[in-house]
Amino acid sequence: MITRAAVVPHPPLLVPELVVGAAAETEPVRAATLAAAGKLPGPWVVVAVDDSGPSTYVPPLSGTFLGYGVDLPVSLGGDLPPDARIPLPVLITAWLRERCAVEVSRIELVPPDLPASDCVSFGQQLAAASGSADVGLLVLGDGSTRHGPRSPGSDDERSGPFDSLVHTLLSTADVDGLLGLDLELARELGAQGRAAWQVLAGVPGPWRCSDAEFFAPFGVGYHVAVWERP
């Protein structure tokens, strides 16, 4: 069964080789992400948001960050040659897996516009398929991309309250609150993590949060949280 879940972001800036000039500024996000992922039991089941979803990735599988400026190979296991077409959430999962020394059973990518009701159903399916052994659920998703003038998108004053709410909901393991996040508002703010967080909310509890942090370097919101059984 899914006994622990970790919510983490999946930006390229997690990988030091991709942000050589900003490695120090991005270190707090990187350290928190690795710490959260490192608390998960293996094997990992992973859910993330990507425009290519719905899709499933399973090992053996290898990829490379060449599309992000550095030909840095990563693997979910096996010795296949790197596939340059692997989506970013899968690459970040492989990068985390290598550093946490765990196995990944599969990665599920869901589309960013997946309705909350479908997210709940999918979370329930993941839980049912996990079996009786301990399984860790890795939930990848970013917050708003519109925090201030350094953001990739134009500044939006709604970003602060939105990500503040998400942080509160994650830190209190508020399932109903997460399911109440507005799809359209999340889309306008560039917060693609909304769907992944709502899949987590669909995994039957009870849950409690043991740790939650929020970062916004370069104008993008990044949430890190660990949920566990009481």
Evaluate Arg158 against Glu188 for salt bridge (charged side-chain N to carboxylate O under 4.0 Å, His left out), listing each step before the verdict. CA-CA 10 Å; Arg158 299 174 296 174; Glu188 292 174 2; 2.8 Å; yes
Check: [Y] main-chain N/O paired with [X] side-chain donor or acceptor under 3.5 Å:
| X | Y | result |
| --- | --- | --- |
| Ser75 | Ser62 | no |
| Arg4 | Trp227 | no |
| Asp51 | Pro111 | no |
| Asp163 | Ser144 | yes |
| Ser164 | Gly160 | no |
| Ser130 | Val135 | no |
| Gln198 | Leu179 | yes |
| Ser159 | Arg146 | yes |
| Asp174 | Leu169 | no |

Looking at Trp207, is Arg229 sitting on its ring face, NZ or CZ under 6.0 Å from the six-membered ring centre and within 45 degrees of the normal? yes
Measure the spacing between [atom1] of [X] and [atom2] of [Y] and express it to the nearest 0.5 Å.
| X | Y | atom1 | atom2 | result |
| --- | --- | --- | --- | --- |
| Leu96 | Leu140 | CG | CG | 7.0 Å |
| Glu184 | Asp113 | CD | CG | 10.5 Å |
| Phe215 | His147 | CZ | NE2 | 13.5 Å |
| Phe218 | Glu25 | CZ | CD | 3.5 Å |
| Leu91 | Phe65 | CG | CZ | 4.5 Å |
| Asp83 | Ile86 | CG | CD1 | 4.0 Å |

Does atom CD of Glu157 have more than 12 heavy-atom neighbours, drawn from other residues, nucleotides or ligands, at distances under 6.0 Å? no
Looking only at heavy atoms, what is the nearest atom pair of [X] and [Y], with distance?
| X | Y | value |
| --- | --- | --- |
| Pro149 | Asp155 | N-CB, 4.5 Å |
| Ala36 | Val224 | CB-CG1, 3.6 Å |
| Ile92 | Pro9 | CG2-O, 4.4 Å |
| Leu88 | Pro12 | CD2-CD, 3.7 Å |
| Gly219 | Ser151 | O-CB, 3.3 Å |
| Thr64 | Val70 | OG1-O, 4.2 Å |

Should the pair His223 and Trp197 be assigned to parallel (<30°), tilted (30 to 60°) or perpendicular (>60°) ring geometry? perpendicular
Quick one, [X] and [Y] - any side-chain contact, counting heavy atoms below 4.5 Å?
| X | Y | answer |
| --- | --- | --- |
| Leu109 | Pro89 | yes |
| Arg194 | Cys119 | yes |
| Thr145 | Leu189 | no |
| Leu178 | Leu170 | yes |

Could you walk me through whether Glu17 and Arg30 pass salt bridge (charged side-chain N to carboxylate O under 4.0 Å, His left out), step by step? CA-CA 12 Å; Glu17 292 86 346; Arg30 184 177 308 111; over 6 Å; no
Regarding Ser52 and Asp50, is there a side-chain donor-to-acceptor distance under 3.5 Å anywhere? yes
Applying the side chain to side chain contact (heavy atoms under 4.5 Å, CB included) test to Glu108, which of Val199, Val46, Thr56 qualifies? Thr56
